[in-house]
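Take a look at the structure set out below.
Computed from heavy atoms alone, side chains included, the values below leave out hydrogens, waters and symmetry copies. If you're wondering where the values come from, they're calculated on a predicted model, not measured in any experiment. Letters A, B, ... are given to chains in the order of the sequence lines, protein chains preceding strands, and every chain is numbered from 1.
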Protein chains: 2
Amino acid sequence: MPNQTFFNLPDKKRQKITDLAILEFAHADYDTASISNIVKQAKIAKGSFYQYFADKKELYLYVVNLAYDQRIAFIRENHPTPEPRDFFESLRWLFHVSVQFNLQQPLLTQVINRAAYGDSPVKKILLARAQATARQYIQDLVQKGMAQGDLIPTIDPDLATFIIVTASDNLKYYIPQKLGVETQKIAEDADFELNMQAIDHIFDQLVQVFKRGMGQR
Amino acid sequence: MPNQTFFNLPDKKRQKITDLAILEFAHADYDTASISNIVKQAKIAKGSFYQYFADKKELYLYVVNLAYDQRIAFIRENHPTPEPRDFFESLRWLFHVSVQFNLQQPLLTQVINRAAYGDSPVKKILLARAQATARQYIQDLVQKGMAQGDLIPTIDPDLATFIIVTASDNLKYYIPQKLGVETQKIAEDADFELNMQAIDHIFDQLVQVFKRGMGQR
DNA sequence: TAGTGATATGACCATAAAGTCACATTTATA
DNA sequence: TATAAATGTGACTTTATGGTCATATCACTA
């Protein structure tokens with residue numbers, strides 16, 4: 001956790017530092033990201049920075065946790081109405097809302113992706129953190145789905161979770177490739193609505209396969 | 001490509017350098033991996049190294065390509081007999097042989113994984129390379145499978161490929177977690193046979209889901 | 001044996017990073 | 001206003017890297 005001094009800072013200054021840190025860890029992995037660059041951009045002295053954060057690790061953990069928190073909050077805030085009728089409707093909604101977050105918060109998304117795949121001295125802590133968010137959420141959905149009889153009872157819940165989570169995590173590669181657009185560009189693209197329709201169509205197809213593959217009929 | 005000088009080296013010396021380079025790029029990402037360390041371990045002078053390789057990039061490309069080549073060769077060498085009857089049997093075999101490679105060549109596997117996810121100045125070249133191997137292989141299988149009527153004709157071949165490739169790529173996380181064993185440990189584990197059975201069982205379940213989800217019935 | 005091209009060497013350079021610290025400045029308190 | 005506590009500062013230290021180069025050594029040929 002950052003020092004209290006950091007939280008005593010004027011909101012604007014604290015936010016500036018935070019934003020620049022997010023930018024830095026979105027654009028470069030842990031080792032390549034540079035504190036020197038952050039303080040230069042933020043126009044604060046190195047020494048000041050080290051009054052707020054004990055070291056690079058502390059800043060990194062702070063930033064990554066921030067990113068995860070925001071994603072969780074976003075998903076919570078956008079809970080679907082009406083309540084989904086079954087497991088696959090829930091899944092369908094989760095895909096949609098996840099992509100919304102990725103589009104609205106590309107930098108935070110980058111930070112999270114790097115945290116999941118990259119090297120860092122705090123990798124183990126972050127893996128645990130990752131488990132606790134998206135994966136746990138889907139795991140709960142699966143459990144509920146099985147209890148409700150939406151899923152075939154013979155499937156291993158862990159396997160079902162695995163298949164869905166990995167597909168979900170990697171949609172970020174598939175969608176741009178399929179659409180022939182860069183992820184970052186989708187949000188600012190003139191054909192935004194068209195693209196969103198295409199994305200939703202992909203989700204429909206994907207959920208269809210899952211339903212066929214492990215849904216009760 | 002390395003300089004001719006490198007290939008003129010005595011086999012033993014060249015192999016030593018190659019092995020240590022593989023080790024280095026397996027244990028650290030592009031930026032963190034250290035030429036200084038490689039030459040120290042190999043007991044050669046820095047200057048000698050730079051007579052073989054123009055720069056760090058060249059060594060890295062050489063090592064990664066080596067890893068890909070070996071994996072392709074391994075899969076080719078282990079083509080199943082008798083010929084698989086349908087798409088899902090082929091898939092079943094591909095999973096099996098892929099894991100065999102991962103277990104027998106953990107370092108090369110690490111190098112490939114890092115190449116696929118990490119940052120490096122040659123990322124684009126490597127992405128293209130990755131496309132050309134595992135993904136292309138599965139894409140071809142899917143195409144053949146659809147032509148043979150093994151897969152439902154309504155499914156998007158790209159989507160089918162995507163689902164299978166991502167699941168396949170991420171099995172390396174699921175399997176150890178499910179077995180409660182570290183990947184690197186499986187090969188040396190006393191319960192090796194038992195573990196292999198468990199792994200094959202996972203594959204059976206997975207292929208089952210795919211077959212149900214996108215197979216013709 | 002003399003000479004020539006290929007190969008080996010490691011001190012050295014430029015660069016950039018994380019982190020420190022003695023000191024300056026601001027803010028709060030009495 | 002005077003004192004103390006909290007903040008701010010940036011030059012500096014340490015450490016490591018990728019890459020260079022003048023020089024030494026080797027292996028082969030004539």
Handout entry: Gap between atom OG1 of A/Thr109 and atom CD of A/Gln104 - 0.5 Å precision
Key =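 One finds 10.0 Å between CD of A/Gln104 and OG1 of A/Thr109.
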
Practice task
To the nearest 0.5 Å, tell me how far B/Asn37 CG sits from B/His27 NE2.
Solution key: 11.0 Å

Between [N] atom [atom2] and [X] atom [atom1], what is the distance in whole Å?
X: A/Tyr50; N: C/dA18; atom1: OH; atom2: C1'; answer: 5 Å
X: A/Ile38; N: C/dG19; atom1: CD1; atom2: P; answer: 12 Å
X: A/Asn37; N: C/dT15; atom1: CG; atom2: P; answer: 18 Å
X: A/Gln51; N: C/dC21; atom1: CD; atom2: C1'; answer: 11 Å

Exercise for the section: Taking all non-hydrogen atoms of both residues into account, name the closest pair between B/Ala167 and A/Thr166 and its distance. Expected result: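 Smallest heavy-atom distance, with atoms named: CA-OG1, 4.3 Å.
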
Exercise for the section: Go through DNA chain D in 5' to 3' direction and return only the first and the last nucleotide with some atom under 4.0 Å of chain B's heavy atoms. Expected result: D/dT17 to D/dC21

Handout entry: A/Ser36 side chain near C/dA18 phosphate (N/O to OP1/OP2, under 4.0 Å)
Key =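 Yes, because at least one side-chain N or O of A/Ser36 sits under 4.0 Å from OP1 or OP2 of C/dA18.
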
Exercise for the section: Return no unless some side-chain N or O of A/Lys56 is found under 4.0 Å from OP1 or OP2 of C/dA18. Expected result: yes

Problem - Positions of residues 3-35 of chain A (non-hydrogen atom under 4.0 Å from DNA chain C), listed by number - result: A/Ala33, A/Ser34, A/Ile35

Handout entry: Residues, nucleotides or ligands: over 12 heavy atoms within 6.0 Å of A/Lys123 NZ
Key =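 For A/Lys123, atom NZ is crowded (more than 12 foreign heavy atoms under 6.0 Å).
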
Exercise for the section: Over 60° means perpendicular and under 30° means parallel, so classify the ring planes of B/Phe95 and B/Phe203, tilted if in between. Expected result: tilted

Practice task
Take the angle between the ring planes of A/Tyr62 and A/Phe7 and call it parallel below 30°, perpendicular above 60°, tilted in between.
Solution key: perpendicular

Exercise for the section: Report which part of the nucleic acid B/Phe49 touches: base, sugar-phosphate, or nothing (heavy-atom distance under 4.0 Å, all strands). Expected result: nothing

Handout entry: Validation row: A/Lys178, A/Ile175 side chains within 4.5 angstrom (heavy atoms)
Key = no

Handout entry: B/Arg14 and B/Asp11 ion-paired at < 4.0 Å
Key =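 So B/Arg14 pairs with B/Asp11 through a salt bridge.
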
